[in-house]
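Naming: A, B, ... by sequence-line order, numbering from 1 per chain. Keep in mind the model is a prediction, meaning the values are calculated, not measured.
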There are 2 protein chains.
Amino acid sequence: MLSHAHIWRALDTLAERLGLSASALARRAGLDATTFNRSKREAPDGRPRWPSTESIAKVLAATGTSLDDFMALMDGSGRRAIPLIGFAQAGEGGFFDDAGFPVGGAWDEIAFPNVGDEHAYALEIAGDSMLPLYRDGDVVVVSPAAPIRRGDRVVVKTREGEVLAKELKRQTARTVELRSLNPEHPDRMLQDGEIAWIARVLWASQ
Amino acid sequence: MLSHAHIWRALDTLAERLGLSASALARRAGLDATTFNRSKREAPDGRPRWPSTESIAKVLAATGTSLDDFMALMDGSGRRAIPLIGFAQAGEGGFFDDAGFPVGGAWDEIAFPNVGDEHAYALEIAGDSMLPLYRDGDVVVVSPAAPIRRGDRVVVKTREGEVLAKELKRQTARTVELRSLNPEHPDRMLQDGEIAWIARVLWASQ
DNA sequence: TGATGAATAGGAATTATACCCTATTCCCGC
DNA sequence: GCGGGAATAGGGTATAATTCCTATTCATCA
């Protein structure tokens with residue numbers, strides 16, 4: 001919801017709406033004219049660079065823009081449908097990129113507006129292997145960007161294409177220990193190299 | 001607008017709603033625990049210091065908070081928040097009307113918009129009696145207006161003032177059978193006259 | 001009461017962003 | 001085509017935010 005791309009798009013859109021260039025907008029806000037240069041939006045090594053909160057505050061003050069207006073420029077609406085697929089399908093190829101972000105057009109959608117991660121997606125549970133926590137038909141909302149700590153419920157995809165929902169038991173430099181949600185299933189230990197990505201479960205439908 | 005005080009108040013309020021300290025919120029967002037220290041909010045000479053846009057984005061992503069909700073925390077309007085109380089408090093009088101809708105001003109709030117039911121509310125789980133499904137500190141979002149079917153997780157309030165979270169096992173004209181979430185606890189059967197209201201659990205934080 | 005862990009204050013080191021400067025491109029009017 | 005102004009790319013410097021570290025306070029628990 002608040003991403004590098006969103007912030008810069010909102011600044012560009014605001015400037016355009018006021019009939020200003022990026023440099024003119026910066027100047028009007030009392031900032032250096034090159035602050036919003038496109039060449040300053042990424043570091044030389046490709047890492048994203050963000051405008052500071054204070055710079056944004058100055059722009060809003062200088063242009064008489066409310067925070068609500070600015071937010072509306074980011075992606076139009078606050079409520080958003082997030083992509084949804086079945087848990088079994090997630091193991092097939094073509095639904096995720098290397099970072100575990102959803103890609104491709106084969107996703108269904110579910111209305112769930114309250115997610116801070118624009119790459120969040122939803123998985124529909126199939127089968128009874130994750131009882132008693134998740135039941136057949138439940139929907140879990142997953143954030144690939146959220147940091148993960150011990151005790152979090154997580155979705156793990158292995159390099160072999162297997163998709164697991166587990167609780168993070170222990171994480172070391174080389175290994176990840178996962179506790180099964182269903183106590184009848186054994187716990188699982190994965191080496192770092194075996195894991196394609198791990199994403200945290202934020203919410204679960206009941 | 002977007003002021004130094006607003007930003008820090010929003011971060012503090014967000015942390016408070018999630019039951020976190022300033023340092024715990026920073027840690028959850030993958031930042032250094034001292035990033036949001038009060039001692040870091042002003043420079044030694046008194047000039048204001050702002051959290052970076054990137055840090056705010058990380059907080060939103062890590063907590064599943066939308067920008068909408070975050071802004072609501074700034075101006076204090078809370079327009080998209082839903083009411084929240086602790087599970088234990090729900091048994092006391094004064095929080096619900098006869099239909100099971102939340103009433104009164106003693107509710108806290110949590111950012112979780114758009115569940116589709118304007119009377120929806122949230123309960124914070126306390127204790128381990130509902131393990132393994134709900135853990136201490138989890139938040140469940142409850143809809144008193146949602147229709148209830150067999151297998152749904154429900155919150156039931158008895159006329160005696162007891163509040164239970166159970167799974168609906170069977171419902172007949174005169175009785176309601178409830179399965180305990182913790183298998184070590186016995187199931188429960190209630191007569192129609194014993195029940196004040198039943199509400200369905202829609203979502204549970206993970 | 002003592003031990004433990006979380007939270008916080010405060011200082012030094014690191015890293016990121018804003019500023020300043022220059023070169024180049026683009027647009028527009030002449 | 002030419003000149004002037006704005007816009008932008010890119011690099012060095014200054015400044016601000018984050019991280020890292022330590023000391024202290026506070027709450028909790030045995």
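- One interatomic measurement links the two molecules: CZ of Arg41(B) to C1' of dG10(C), which rounds to 15 Å at whole-angstrom precision.
- With contacts defined as side-chain heavy-atom distances shorter than 4.5 Å, the pair Pro51(B)/Thr35(B) does not qualify.
- Under the 4.5 Å side-chain criterion, counting only non-hydrogen atoms from C-beta, Phe70(B) is in contact with Ile56(B).
- Side-chain contact check for Asp152(A) versus Val201(A): every heavy-atom pair is 4.5 Å or farther apart.
- When each of Ala33(B) and Trp50(A) is assigned the nucleotide of DNA chain C bearing its nearest heavy atom, the one mapping closer to the 5' terminus is Ala33(B).
- Using a 4.0 Å cut-off between charged side-chain N and carboxylate O, Arg188(A) and Glu162(A) make a salt bridge.
- Residue Ala22(A) is classed as a sugar-phosphate contact, given heavy-atom separations below 4.0 Å to backbone atoms only.
- Between Lys40(A) and Asp32(A), no side-chain nitrogen of the basic residue sits less than 4.0 Å from a carboxylate oxygen of the acidic one, so the salt-bridge criterion is not met.
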Just the table, please: protein N/O against nucleotides 11-13 of chain C N/O, every pair under 3.5 Å.
| residue | atom | partner | partner atom | Å |
| --- | --- | --- | --- | --- |
| dG11(C) | O6 | Lys40(B) | NZ | 2.9 |

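- Extent of DNA chain D lying under 4.0 Å from chain B heavy atoms, first and last nucleotide in 5' to 3' order, is dA16(D) to dC21(D).
- At least one side-chain heavy atom of Leu25(A) sits under 4.5 Å from a side-chain heavy atom of Val59(A).
- A donor-acceptor pair is defined here as one N or O able to donate and one able to accept, closer than 3.5 Å; such a pair exists between the side chain of Ser3(B) and the backbone of His6(B).
- Within the 4.5 Å cutoff, no side-chain heavy atoms of Ile198(B) are placed close to those of Val155(B).
- The nearest whole Å value for the distance from the CG atom in Asn37(A) to the C1' atom in dC19(C) is 12 Å.
- Contact check for Pro48(A) versus Glu42(A): no side-chain heavy atoms found under the 4.5 Å cut-off.
- Within residues 23-32 of chain A, the residues that place at least one heavy atom under 4.0 Å from DNA chain D are, in residue-number order, Ser23(A), Ala24(A), Arg27(A).
- Rounded to a whole Å, the CD atom of Glu54(A) is 10 Å from the C1' atom of dA18(C).
- Between Glu194(A) and Val156(A), the closest side-chain pair of non-hydrogen atoms is not below 4.5 Å.
- Closest non-hydrogen pair, Trp8(A) versus Phe36(A), comes out as CZ3-CD2, 3.8 Å.
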